[in-house]
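Here's the structure, in structure tokens; my notes come after.
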Amino acid sequence: MAITGIISAIVVGLIIGALGRLVVPGKQHIPIWLTLLIGIIAALVGSWIASLFTSFWLIVLVVQVVLAAIVVYAVAGMWSARHSRV
């Protein structure tokens, strides 16, 4: 994979993370760096999952955003439970 491919995957992942956070209702009490990391991972895993079924870019995007939203929701619950005991 070329360096441009890695950079574009990171940029797309950052956007996917932000969209995933916007989809989840309410306020998420997780840091932005964690949201962006979730987005990068969701973009890679979502691309792989969607590629098993189709290569249509809109479906790939939807799978990535839904996956990011699910993970943001789960991590936000764990993060707030862990950090609210302070």
Side-chain angles (χ1 to χ4, degrees):
M1 179 181 266
I3 190 72
T4 56
I6 294 170
I7 292 171
S8 63
I10 290 171
V11 170
V12 168
L14 298 177
I15 295 168
I16 296 297
L19 290 173
R21 189 170 181 152
L22 287 174
V23 170
V24 176
K27 182 162 176 54
Q28 296 81 39
H29 299 284
I30 59 175
I32 193 68
W33 64 265
L34 186 55
T35 302
L36 300 177
L37 181 65
I38 290 169
I40 293 169
I41 294 169
L44 295 173
V45 174
S47 295
W48 177 75
I49 291 171
S51 71
L52 296 174
F53 303 104
T54 185
S55 62
F56 184 57
W57 68 270
L58 187 58
I59 294 175
V60 173
L61 179 67
V62 168
V63 169
Q64 291 171 333
V65 172
V66 168
L67 183 61
I70 291 169
V71 176
V72 164
Y73 182 76
V75 169
M78 290 185 293
W79 185 272
S80 64
R82 171 174 249 176
H83 289 86
S84 66
R85 290 185 250 150
V86 175

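Criterion: ILVMFWY side-chain heavy atoms under 4.5 Å apart, direct or through other members. Under it, Val62 and Leu22 are not part of a common hydrophobic cluster. Side-chain heavy atoms closer than 4.5 Å link hydrophobic residues (I, L, V, M, F, W, Y) into clusters, and following such links, even through other members, never connects Val71 to Val66. One hydrophobic cluster holds both Leu52 and Phe56 under the rule that ILVMFWY side chains link at heavy-atom gaps under 4.5 Å. The same ILVMFWY cluster, assembled from side-chain heavy atoms under 4.5 Å apart, contains both Val23 and Ile49. Clustering ILVMFWY residues whenever any of their side-chain heavy atoms sit less than 4.5 angstrom apart, transitively, puts Ile70 in a cluster other than the one holding Val65.
With a 4.5 Å cut-off on side-chain heavy atoms, Ile32 and Arg21 count as touching. In this structure the side chain of Phe53 never reaches within 4.5 angstrom of the side chain of Ile59, judged on heavy atoms. Side-chain contact check for Leu67 versus Gln64: every heavy-atom pair is 4.5 Å or farther apart. Contact check for Ile40 versus Ile16: no side-chain heavy atoms found under the 4.5 Å cut-off.
The nearest pair of heavy atoms linking Gly13 to Ala43 is CA-CB, 3.8 Å. In plain terms, the two heavy atoms of Ala69 and Val24 that are nearest each other are O-CG2, 3.3 Å. Residues Gly46 and Val63 come closest through the heavy atom pair O-CG1, 3.6 Å.
Taken from CD1 in Ile15 to CG in Leu36, the straight-line distance is 10.5 Å, to the nearest 0.5 Å.
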Practice task
Carefully, step by step, assess Val72 and Gln28 under the rule side chain to side chain contact (heavy atoms under 4.5 Å, CB included).
Solution key: CA-CA 8 Å; Val72 164; Gln28 296 81 39; 4.0 Å; yes

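Between Ile41 and the options Ile38, Leu37, Leu44, a side chain to side chain contact (heavy atoms under 4.5 Å, CB included) holds for only Leu37.
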